[in-house]
Structure formats: C-alpha cells, structure tokens
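So that the names make sense, note that chain A is the first sequence line, chain B the second, and so on, each numbered from 1. For the numbers below, each heavy atom of this structure counts, side chains included, while hydrogens, waters and symmetry mates do not.
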Amino acid sequence: MHISEGILSGPVLLSGAALAAAGTAIGLKKLDYDRIARTGILSAAFFVASLIHVPVGPTSVHLILNGIVGILLGWCAFPAILIALLLQGLFFQFGGITTLGVNTLIMALPAVICYYLFAPFISGKKTVAVAAAFACGFLCVLFSALIMAAALIFSEENFLEISAIVIVSHLPIMMIEGVITAFCILFLKKVQPALLSQSGQYKNGY
Amino acid sequence: MIEEPFATGNSAVHNIDPRFRVIAAVVYSFAVALCYGFVPLITAFAVSAVSLLMCRVSLKKVLKQLALVNGFILLFWIVLPLTYPGGATYPLGPVTIHQAGIAFAAKITLKSNAILMALIAFIATMTLATLGHTLGRLKVPEKLVFLLMITYRYVFVIAQEYQKIIKSIKIRGFRPKTTLHTYKTFAYVVGMLLIRASERADRVYNAMRCRGFKGTYYSLTDFQADAGSWIFLIIVFGATTAVVALEIFLRF
Amino acid sequence: MNQKEPIIKMRGVCFGYSDTAPILKDLDFDFYKGDKIGIIAPNGSGKTTLFHLIMGLIKPSCGDIEIFQAPMKTEADFADIRHRIGLLFQDADDQLFCPTVLEDVAFGPLNMGKSRKDAIDISRRTLAFLGLTDFENRITFKLSGGEKKLVSLATILSMEPEVLLLDEPLMGLDIKTRSVITRALMEMNSSYIIISHNINFLESTTHSTLTMREGSLIADDQVHVHVHDHAHVHGDVPHHH
Amino acid sequence: MNQKEPIIKMRGVCFGYSDTAPILKDLDFDFYKGDKIGIIAPNGSGKTTLFHLIMGLIKPSCGDIEIFQAPMKTEADFADIRHRIGLLFQDADDQLFCPTVLEDVAFGPLNMGKSRKDAIDISRRTLAFLGLTDFENRITFKLSGGEKKLVSLATILSMEPEVLLLDEPLMGLDIKTRSVITRALMEMNSSYIIISHNINFLESTTHSTLTMREGSLIADDQVHVHVHDHAHVHGDVPHHH
C-alpha cells in the first residue's frame, strides 16, 4: 500500500522523509554486519510474498505482510521496507522518489509498533499466539491506512472523503492480513520456532 | 515474474554517469512535486516525456506500467469533482460537479505522470546493482547499500522457489477462491518461503565466513563523468529551474 | 472410454526459451491407459519439460496436447485434468509446503472437494500403504530426504490419479526408501511414466523405455538387452559411470 | 613445514543434532599436502557435515581437529585458517552473494587484505583460467547454472587456497562445464577432497577414494579396481546400475 507520486504536499513529503530517515537510522544501528545477509534474504522473501495476489470475491488484492515483517525484524523493518519500496519502484515503476519517505513510514512504523505490542505474545501458548498474530496482521494494516489517511488530509483538507475511502477499502484487507498472519505465525511456530524467537533485537551468531 | 524491463539499452541516457542521473532525478522530482500551476506542470510533463523518448525504451511497456500506476489517480478523478468546491458547478442528477475538482484531479495526474516518467527515464534505465553502487558513491550508509545488494541478489532466487511451490499447489488441484482454505494455503506458502529464506541465509552467511568476511562490503565499480554527463546535468537543472520559475511567476 | 484412444496425445509439440536452442522440437507422443514407460536420457534433454507440458505448468510454443480426449489449450483446461495426473517432482522440497505430513497429504483431496473426514481417511490409508503410519503429525520440513520423498509420493497418491509422472523418483535415496517406492509401483498396477537414470529400476517397473534425441522422444528397445557386469564394493552407493 | 605431518588431522570427532542418531561418530582422518581424495557415500551419511567441521562452520560435539598443525577450538582459530582452505558449496546460489561477478571473485582477496588493484588483478586471472574472461561485469543472477558453478569456483581459487573441499562439484552440470572443472583440477596440481557420486570423475581426478559408514570414513581401495564392462546404446547417458 502506498501513495502515488504527485498527490502529497511538500511539508508532508519532507516530514515523511525525515521520520523515515530517523526510523531507518535506528534500524541500521540495530543491524550488525553479521545479520545483514539474513535480513536482506528475509526482505527478499517478503518482497516476493507481497507479490502474491489472493482472491477477495470477484477481485484480488496483493499481500502486505508488514505485521510479520515487524514480528521478524523489529526496527530493521524500516531499512527492509525502504529497500523493498526501492525495488518495487525500479521493477514496477510504482514511483517512489519523492514519496519514498512517506511510503516507508506508512508500512514500517506500524510494523515496529506491532512488534512492540505483539511480539511478546507470539512465543506464548498457541491460542494466545494465534490471537496476537491475527491482531498484529489486522492492526498493522489499520495503522498503515490511518497514516496514509493522515498524510492525505495534511496535504489537502479536501482529501477527507478520499481518506475515508482509503480506510474503508482496507477493511477486507485487514481481515485477510489478520487471517494470513495468524496461519503463517502458526506455521512458523510449528516448523521453525527459532525464527520467531530471534526477532527484533539481533543477537550474535546464528 | 520480476524483471528490469528498461535497465539495459544503449541510448544517450543509458550511458550517462548513474550518479548524475540519480541526483538529477531527485532534484527534478522534488521540484515538480512542489508545483501546483498548470503551466509548470504541463512543462514538466513535456520535459519528462521528451527524456523518456530519448531513452528509446519500449513505449508499449512504458504505457502499460503507467496505466497500472494511474489506478490510484483514478480515485481522485471520481471523488474530487464531487467534493472539491470552487469554480463553476454543473448539476449531474443528484450530485454536483465542481470545476475546481476537475482541475485539481488533472493537475495531480500531470504531476504524478511527470514524476513517474522521470523515474523511468533516469533511474529505471539502470539495474539495481548499478543503483546500489551509485548510492554507495553518493555516501548512502554502507549497511543500507549492502542490504540493498543482498536483497536484490536473492529476490530472484526466492522468486524461483516461489514459482516451484506454486507449481506444487497447482498440480494438486488448488484453485484460489475466497475461502479460509485458500488463505491458509497462501499463509503456508509465505511461511515456507520465509523458512527457506532463513535456511539460505545461514548458508550464505557460512559462505561469507569461508571467504573471510569481516564486516566490510566492497564495491569495485567506479563511475566516470564524461562531458555528456555534465551536459545532461546542466540541461536537467536548467529544466528544473524553468519549471520552478514558471510556478513562481505564472501560477494560476 | 475407448481403450484404444491414448489418454495423453501430443502432436508436433515444441518448447524452448529461445528460438535458436529449442528444448523440445516436433515431439509426438501417445500414452495409453495401462502403459508403463521409462525415459532415460542425458540431463538437459527436456524430460522434465515434457512432464511440465503435460501438467500445463508451461505452455508449448507450438503443437497440440490432448489429455483424456480433451484438447488442452488454456489454464482452465489443464486445471480440470490436473488432479487426474500425479506429478512427482525431482526435489521433494519443492513439493511439500504444509507444516505437518497429514495436512500435506490431505491438501490434494481437499482441493478436489472431498470432505475433511474423507480427505483425512484417504490420507491415512495412503500413508499406511507407504509404510508411513505414525507420520501424520510429523513436521514435514524436518523429515529426512527419503521420508520427504515418500511423503511427496503420498501427496500424489492420495488424489488417486489415473496416471503417474515420476521425475527421478530414486535419485539420492537410500536402499530402504528405494525398495519402498519400487514395491509401491509394482503393487499399484497404475499407468505411469518414469524418468530415471537407473536402468535396473526401469527394467523392473516399466514395460518399455524411451530416450530423447534432438528434442524428440524415440523408442529404444535395445536398452533392455543391456549387458550388465561389474562388481565392486559400492553396490549400495548410488553412482554414475 | 614437515611434509610428513597431516595438514588436516581429525581424532575421535563426533557430530549430531541428537544423541540417538549422530551423523559422525568417532571419526579419524588425516589429510596430507598433495593428497587428492574422493569421497563417495549415500546422501545423508555426513559428507557435507565433514566439510563444515573442517571449515569450523559447525563445532564437533567431541573429538579434536588440528589444521595446519594448529589445534582448532574457537571461532578465532578457524577464522585464521579459513582463507587457506577453499570450500565449494553444493548450491552456487549460496556462494555468490554479490550482484556482479567481479565483486564476488574479489571479495575473498579483499578480505585477506589485498589492495583493490591486486584483488582485481588476481580475480581477472582466475576468471581467465576458468574460461570466464569478459564475465566480470555480468549480473550474477542472470548466469546459467554452469556459469554460476564456475564463478563459485573462481571465488574460491582467487584466494589461492592450499586445500580445496569440493562438495558435489559436477552435480546438475552440462558436459561442457564438467570438463572445464575436471581440466582445472588436473592442471592446478592442488590438494583436495571431492565429494561426488560420479565414479569416472573421481577416477580421473583423485588418487584414492573413501566412503562413509556408520558416521566414520573408511578407506576403499577396491573402488579403483572396479570392473567396468557393459555395452549398450546409452554410452553417452549417465546412468545408475
């Protein structure tokens, strides 16, 4: 989910860029050199996964997955998502020179918030973990939609209706992201719990 | 499934020093993003279109990409004429169309496409590997460049793994529908991709250790700016100045 | 159904990523119900491509494919017949994607519209047939290579396909797993095509052997008169010559 | 250096993820300068594990490893000797992590402290030796499987290691790449250990062959007296018996 070029105002673009830069700086600081390969390859996996289109009635939507990105990468979600957006911009010409900052913020800030809110519960009991994972996937998209709406309204007060449409149109996506995040976390818990326990704060070694 | 359709070519633009192209794209895009007048935006649109034509890339591909990207803009064409007050009004059944709304939607469309065409012309005409080297030369933090390089390198490997899993679910009769079974299946596909990525990360890290990795990522690419690159930069800066001047003096 | 009509019919099929070096060229092939065919050919000669064409995972650049007497043109055509043909991938890791064995084996039957209970029943029966009773709750990803291969085979067999396409089913496996697969094939009395480099295996499981030359399938009856005479300590170690 | 002292010495080495099924058990192994050894054994018998132990990528659960006459205990011990041993991974995609070929091949020499110019020089020489002149600016992911394998080998050789550990170097390769690798090994006159299922390849590149049984390496001189006498139409087709 991202805002196209040419819509947002100068102040919004610049504040978005400044906040994204700050988040990315924190993420890079927490990312030690031994972890760059791992983070990069996981980002590549997220990038590929986000190209998956899932059906919703007669249409389809592509996955966002910033909830799981947050759980797995913590603050490193900022640099990872920044790079994913750069890749998108070059592979699919979605743009992203002036909007790179705002769009990074839209995706990454909720990921970090959800990391703090839900990561502690993910390693817990199965039922708790599933509930937390659903909430994580759902709320992460909601937060993203809210930041997106805020960016639009701060750019131009007459974007109120469009902001409302943006939020409402993301409701089914929130449900889908919640369900997929829940199943995916369940999968990882069963198959490779170590992947979840080493999240966020990277330790040395593998 | 993933490709860089415009990255290879032998046009004048492809041969310009990538550092100059990145700087030009950033300066020009931000300048255009701050414009609100029809005259500067039409000028910018024309400048971007000419730049794009000079790249001699497939126009069919360009138009296809632009059509996809303009989907979000379409929303503004539907909503703004109804909600953006100002100018003449035209009744249309139960609703009213505002002229100012139409004008604003048109400006957004011009601006958005001008910036996108500049992106395609200046940056999509290099591979991400070149962009990574360029950003390194432009003092972007080394860790971020390293991360970009690794992500770029492995996106293709993981895309192949993804295609294999998709083949596997296809041959077992899977057809995506709006059902829990479908969402669960895709969640498993994502989970499997992440686990495979994680295992691969361990192997890649081992390979790096075997080659004496000590936390430094070396870039060996050097760029040299020839006269053409300087002329390019001057032209783009000139066009940028012109657009900004039009915005300041001719805004309406 | 007329037994004399082939269930897989390919006419003049070509496939290639570039025009200069096509992988398959003007390939004709008829496969009848009850056929048990082996294909032995060098790496890169297009055997796996042939299987993927039959499944509709890739589309031919020219020629016609008919399966179960229906022409196959679109993705929808293939989607309709895919569950009736079971393809076993070379690499079991590519075939398995569910967290547990039972889920993976039941995935096909569920896609075919079976109820949960029926899908689980048939999956359990299939696992038992392959000597994998007690495996249902195992984590697929953590199985050994041989176990993964058997579970992959189970994910195919649980769909009760009419034809099996097996791509190097024995490659890299230990003797025990090899013998389970060989026995299963002999007991099932199904129709199948097997790609393999293992002549002994093809001799004991197939009726005839084909090879590929210049992108086409050609009959090769001589392979079964093959003189086989060498002795060394590596009877149990897979090896090439 | 005393030529009579082994450069790799393993005594009573064990490794396993669980106590009940160790992968390596009480393994002894001596490797001398100039040795050219082949290992042929079924999948899952611990060959790759052996290589990873020598490189210190995993740590043994018991036993001692000495490399270049120095006991290897800590990560720092291994870090000191890793550049003197070149491990070629099974999957070239794991080994090539840089976007362009030259950067990948120069990565090792640069880490060893060579200057940019020296690193580039040696990388170009290595690429030329493997017939990869003009490859330096190619994008890694766009290479073919065989090209990737050769570039992987170049990333190892550019570090000028004293010992090579090659894990299935020919697997999945076309004939041309196979012959480049075989020729390179014969020309270099280096010390190496090769894991392979390909007896002909081991016969032409190694002096002796080992196999693995119950987690240990055992000598296997008989493999080279191997009677090989069979005639059939598949002379050009790799196959198992």
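- For the atom pair Phe121(A) CZ and Ile71(A) CD1, the distance stands at 10.5 Å (nearest 0.5 Å).
- Between chain A and the options Ala25(B), Ala7(B), Ser29(B), Ala159(B), the largest number of non-hydrogen pairs under 4.5 Å is found for Ser29(B).
- Residue Lys184(B) touches chain A through both its backbone and its side chain, counting heavy-atom pairs closer than 4.5 Å.
- Only the side chain of Ile115(B) comes within less than 4.5 Å of a heavy atom in chain A; its backbone stays farther off.
- Pro141(B) touches chain A through its side chain: at least one heavy atom from C-beta onward sits under 4.5 Å away, while N, CA, C and O do not.
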(request) In sequence, state the C-alpha distance, the side-chain angles, and the governing distance for Phe104(B) and His98(B), and then conclude on side-chain contact (heavy atoms from CB on, under 4.5 Å). (result) CA-CA 10 Å; Phe104(B) 199 63; His98(B) 301 271; over 6 Å; no
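- Here the side chains of Leu148(B) and Val140(B) are not in contact, with every heavy-atom distance at 4.5 Å or above.
- Listed options Leu34(B), Val190(B), Ile73(B), Leu66(B) were ranked by heavy-atom pairs under 4.5 angstrom with chain A; first place goes to Val190(B).
- Taken from CG in Asn66(A) to SG in Cys114(A), the straight-line distance is 7.5 Å, to the nearest 0.5 Å.
- For Val62(B), no part sits under 4.5 Å from any heavy atom of chain A, backbone or side chain.
- Note on ring orientation: taking the six-membered ring where Trp is involved, the planes of Phe91(A) and Phe156(B) are perpendicular (angle over 60°, cut-offs 30° and 60°).
- Inter-residue side-chain proximity for Val130(A) and Ile185(A) is flagged as unmet; no heavy-atom pair is nearer than 4.5 Å.
- Atoms CZ and CG, on Phe47(A) and Leu87(A) in that order, are 5.0 Å from each other to the nearest 0.5 Å.
- Both the backbone and the side chain of Phe76(B) come within contact range of chain A, each with at least one heavy atom under 4.5 Å from a heavy atom of that chain.
- Interface residue Leu131(B): only side-chain heavy atoms are found under 4.5 Å from chain A.
- Donor-acceptor pairing under 3.5 Å is lacking for the side chains of Asn206(B) and Arg203(B).
- For Gln65(B), the part sitting under 4.5 Å from any heavy atom of chain A is the side chain, from C-beta outward, and nothing else.
- Contact of Leu100(A) with chain B is not made at all, since no heavy-atom distance falls under 4.5 Å.
- Counting heavy-atom pairs closer than 4.5 Å to chain B, the top-ranked of the candidates Thr181(A), Leu28(A), Leu160(A) is Leu28(A).
- Taking OG of Ser144(A) as the start and CD1 of Ile167(A) as the end, the distance is 11.5 Å to the nearest 0.5 Å.
- Annotation: side chain of His181(B) is in contact with side chain of Phe174(B) (closest heavy-atom distance under 4.5 Å).
- Most heavy-atom pairs under 4.5 Å with chain A: of the set Leu193(B), Leu144(B), Asn70(B), this distinction falls to Leu144(B).
- Counting heavy-atom pairs under 4.5 Å between each of Val179(A), Thr24(A), Ile7(A) and chain B puts Ile7(A) at the top.
- At a 4.5 Å heavy-atom cutoff, the contact between Thr182(B) and chain A is made by side-chain atoms alone.
- Heavy atoms of Tyr183(B) lying under 4.5 Å from chain A belong to its backbone as well as its side chain.
- Leu42(A) is not listed as a side-chain neighbour of Val69(A), based on a closest heavy-atom distance of 4.5 Å or more.
- Using a 4.5 Å cut-off between heavy atoms, Lys190(A) does not touch chain B at all.
- Only the side chain of Glu199(B) comes within less than 4.5 Å of a heavy atom of chain A; its backbone N, CA, C and O stay farther away.
- Contacts of Glu156(A) with chain B are made by side-chain atoms alone, with heavy-atom separations under 4.5 Å and no backbone atom involved.
- Heavy atoms closer than 4.5 Å to chain A are found in both the backbone and the side chain of Met192(B).
- When heavy atoms are compared at a cutoff of 4.5 Å, Val204(B) approaches chain A solely by way of its side chain, counted from C-beta outward.
- When heavy atoms are compared at a cutoff of 4.5 Å, Ile3(A) approaches chain B by way of both its backbone and its side chain.
- Using a 4.5 Å cut-off between heavy atoms, Ile68(A) touches chain B through its side chain atoms alone.
- One N or O on the side chain of Arg21(B) and one on the backbone of His14(B) form a donor-acceptor pair closer than 3.5 Å.
- Salt bridge absent: Asp32(A) and Lys143(B) never bring a charged side-chain N and a carboxylate O closer than 4.0 Å.
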